[in-house]
Number of protein chains: 2
Amino acid sequence: MSVTGGRNLEVNRASFEPAYHQLREIIRRQIASGELRLGDRIPPENELAQRYQLSRMTVRRALEDLVEAGILVPKRGLGTFVARRLVDAGTVRIDDFSEEMRRRGIPAECKLLGVRIMPADGNVATRLRIDAGSAVMLLLRLLLVEGEPVGIDRKYLLYDRSSRILESELEHPSLPDLVERETSGLLGRASITVKACSASQEDAGYLGCAAGEPVLVVEQTLYLSDGRSAGYGKTVYRGDKHYLTAEIDPLGIRDRDGGQAEMAGILQRRG
Amino acid sequence: MSVTGGRNLEVNRASFEPAYHQLREIIRRQIASGELRLGDRIPPENELAQRYQLSRMTVRRALEDLVEAGILVPKRGLGTFVARRLVDAGTVRIDDFSEEMRRRGIPAECKLLGVRIMPADGNVATRLRIDAGSAVMLLLRLLLVEGEPVGIDRKYLLYDRSSRILESELEHPSLPDLVERETSGLLGRASITVKACSASQEDAGYLGCAAGEPVLVVEQTLYLSDGRSAGYGKTVYRGDKHYLTAEIDPLGIRDRDGGQAEMAGILQRRG
DNA sequence: TAGTGGTCTAGACCACCGG
DNA sequence: CGGTGGTCTAGACCACTAT
C-alpha cells in the first residue's frame with residue numbers, strides 16, 4: 001500500500017506465474033476498473049520497469065499482449081495509450097459443425113448419408129476449377145441436434161482413384177482433414193462465404209422443412225499453395241434451427257471472478 | 001550461395017528492414033516453397049541465431065509472429081515445428097456495412113431514414129435488458145449498392161435525454177461509435193449473431209423484395225463493463241444481394257509477387 | 001533537445017522432454 | 001543426462017515526436 005493505493009499492484013517474483021503475465025493483468029485490471037481510462041497514456045516503459053522492478057524487455061513483453069489484443073496502442077515518440085475503442089467490429093469463427101457444437105456445449109450428431117463418385121456440376125466445377133463433368137468425390141452428411149436435422153453438409157474433393165477413404169474416419173471430418181488425406185501438396189489458402197438462401201427441394205427434404213424456407217449457407221473453398229483448388233464444402237442450415245455466434249470480451253469482464261489471473265487464456269486468440 | 005543453396009537466405013543487416021522481419025520471411029518462404037514441410041521441425045533457436053548471426057532473442061522475435069499466426073508450433077523440450085494444419089477453420093469479420101464495403105472495394109451508400117425516440121418492443125427490451133416500453137432511440141438506415149437497397153439497418157440505444165446527436169455524425173455510424181457518444185462508461189464486451197430469416201413485411205418494403213424472401217440477419221449487442229447493455233444493432237440484408245466473406249492466407253501465397261517482403265502486414269491480424 | 005517506443009545483444013536460469 | 005523452448009536481465013543504439 002505504498003505507491004498508488006490499490007491492491008494486487010505488485011509483481012510477485014516468488015510466484016510461478018511469469019512476471020509479464022502479472023504485469024499484463026495488473027494493467028488490464030487498471031483499465032477494467034477505470035483507474036486507466038480509454039485514451040489515457042500509460043506510464044513509459046522505463047517508468048514501469050522501475051516501478052515494478054523489471055527489465056524494460058519484460059515490461060515490453062507484458063504490453064505486447066495487450067497491444068496484440070487491441071487494448072493498448074503504442075505511438076512512437078509519444079507513449080503507449082489505452083485504445084479509445086476496445087470493442088469495434090467482431091469476428092465470427094467458422095468451424096465445422098461438430099466442432100462448433102462442441103465449442104458451444106450443445107450435444108449434436110453427424111450422420112454420414114453417403115460417399116459418391118460423381119461428375120461435377122457447374123457450381124462445383126467452378127469452385128474446384130475443373131471442367132464440368134470431371135469426377136469428384138462427394139461426402140454427404142446430415143447434421144442433427146436432439147435427433148432433429150438442422151443442416152445438410154456436402155464436401156467435394158478432387159477424385160483421386162489412388163486414395164482410400166476409411167469409413168471409420170468419416171464420422172466428423174472437417175474439409176481440411178479430408179483434403180489433407182486426399183491431396184499431396186501444401187494447403188495454403190482458404191475462402192469462406194456466409195449467405196442466406198431459400199431451401200432447394202432436395203435440401204428441404206433432408207432438413208424436414210418446406211422448399212423455399214430460409215437457410216443459412218456456409219461455403220468453404222480450400223486451395224493448395226500452387227493455386228489449385230483442393231476442396232469445396234457447402235453446409236446448409238435451417239434458418240430457424242441454427243445460427244452463428246461470437247462473443248468479444250477483450251478485458252475478460254464476463255469471466256472475472258476475483259481470483260488470481262486464471263483468465264490469461266483470453267488473450268491468446270482474438271477469435 | 002554458401003550454405004543451404006537458395007537465394008534470399010541471409011539477413012541483410014544494412015537494410016532498414018528489421019532483422020526479425022527478414023528472418024520471419026525467410027522461414028515463411030521456406031514453408032511456402034516446400035523446403036520446410038508441414039510437421040517438420042525447424043532448427044533450434046540457438047542454431048538459427050548462429051546461422052543468421054543474430055541473438056537468440058531476435059530469433060525468438062521472428063518466430064513469435066509465425067507462432068501467433070499458427071504457422072509454427074513450439075513444443076517445450078522438443079523443438080519448434082511447422083504446423084501440420086496451416087488452414088483449419090476461418091473467421092469472418094463482422095464490420096458495419098460501410099466499413100465492409102470499403103474493405104471489399106465496392107461503392108456503397110447509406111441513407112439515414114430517420115432517428116426516433118420510441119418505446120422498446122419485446123425483442124429490443126430483452127437485448128438491452130430494460131423493461132418493454134422504456135424509451136429507446138432508433139436509428140434507421142437504408143444500405144445501398146448502385147442505388148439498389150441491399151440492407152436495412154436498425155440501431156437501438158438506451159435513450160438519454162441529456163444527449164445531443166449531431167445529424168452530421170449519423171452518415172456512417174457504427175454501433176460502437178454511437179454507444180460511445182451516448183453512454184458514459186467502458187464499452188467492454190460484445191455479442192454477435194448471424195442467421196437466416198424470412199423478410200418481414202416491413203423489411204421487404206424497405207428492401208424492395210417480397211415478404212418471406214430469405215434475408216441474412218446480423219445482430220450485435222454491446223455491453224458496458226458494469227454488465228449493462230449499451231446498444232443493440234440489427235442489420236437485415238437481402239439474401240440475394242449481400243453475403244459475408246473472408247479470405248484466409250497465412251503464408252501470403254495469393255499476394256506473392258517475387259519482390260521484397262512487403263507482405264509483412266498479412267501477419268498482423270488473423271481476421 | 002529530451003523523451004518515447006522499436007530493435008537488438010550476449011549473456012543467464014529455469015522447466016520440460018527424450019533417451 | 002543434454003537439448004529444447006520460456007523467461008528475464010541490463011545494458012545499447014536508433015527513429016520518431018514534441019517543444
Pick the closest DNA chain D nucleotide for B:Lys75 and for B:Phe16 by heavy atoms, then say which residue is nearer the 5' end. B:Lys75
When you compare the side chain of B:Ile42 with that of B:Leu48, does any pair of heavy atoms fall below 4.5 Å? yes
Nearest of C:dT4, C:dC8, D:dT9 to any side-chain atom of B:Ala19? C:dC8
d(CZ, B:Arg76; P, D:dG2) in whole Å: 21 Å
Identify whether the distance between the nearest side-chain nitrogen and carboxylate oxygen of B:Arg60 and B:Glu64 falls below 4.0 Å. no
Return no unless some side-chain N or O of A:Arg61 is found under 4.0 Å from OP1 or OP2 of D:dC8. no
Length of the CG-P vector between A:Leu23 and D:dT9, whole Å: 11 Å
Checking C:dT9, C:dT7, D:dC8 against the side chain of A:Tyr20 (C-beta onward), the nearest is D:dC8
Here's a test of your reading of the structure: between A:Gly77 and B:Arg41, which maps to the more 5' nucleotide of DNA chain D? B:Arg41
Respond yes when some side-chain nitrogen or oxygen of A:Thr58 is under 4.0 Å from OP1 or OP2 of D:dT9, and no when none is. yes
Rounded to the nearest 0.5 Å, the CG atom of A:Leu175 sits from the CG atom of A:Leu222 at a distance of 4.0 Å
Take the protein atom CG of B:Asn46 and the nucleotide atom C1' of D:dG2, then report the distance between them rounded to whole Å. 13 Å
Selected nucleotide, minimal atom distance to A:Thr80 side chain, candidates D:dG5, D:dT9, C:dG5: C:dG5
Separation of A:Leu251 CG from A:Ile71 CD1 (nearest 0.5 Å): 5.0 Å
Donor-acceptor pair present, B:Arg56 side chain and D:dG6 base, under 3.5 Å: yes
Looking at D:dT9, I'd like to know if its phosphate oxygens (OP1 or OP2) sit under 4.0 Å from a side-chain N or O belonging to A:Arg13. yes
Check the distance between C:dG11's C1' and B:Leu54's CG and give it to me in whole angstrom. 16 Å
Can you measure A:Phe81 atom CZ to D:dT17 atom P for me and round it to whole angstrom units? 12 Å
Could you state the atom-to-atom distance from CD of B:Gln50 to P of C:dT9 in whole Å? 14 Å
Nearest-angstrom distance from the residue atom CG of B:Leu72 to C1' of D:dG6: 16 Å
Among D:dG5, C:dG5, C:dA10, which nucleotide has an atom closest to any side-chain atom of B:Met57? C:dA10
Give the nucleotide from the list C:dC8, C:dG18, D:dC8 with an atom nearest to the side chain of B:Leu78. C:dG18
Rounded to the Å, how far apart are A:Glu17 CD and D:dG6 P? 17 Å
What distance separates B:Tyr223 OH from A:Ile248 CD1, expressed to the nearest 0.5 Å? 10.5 Å
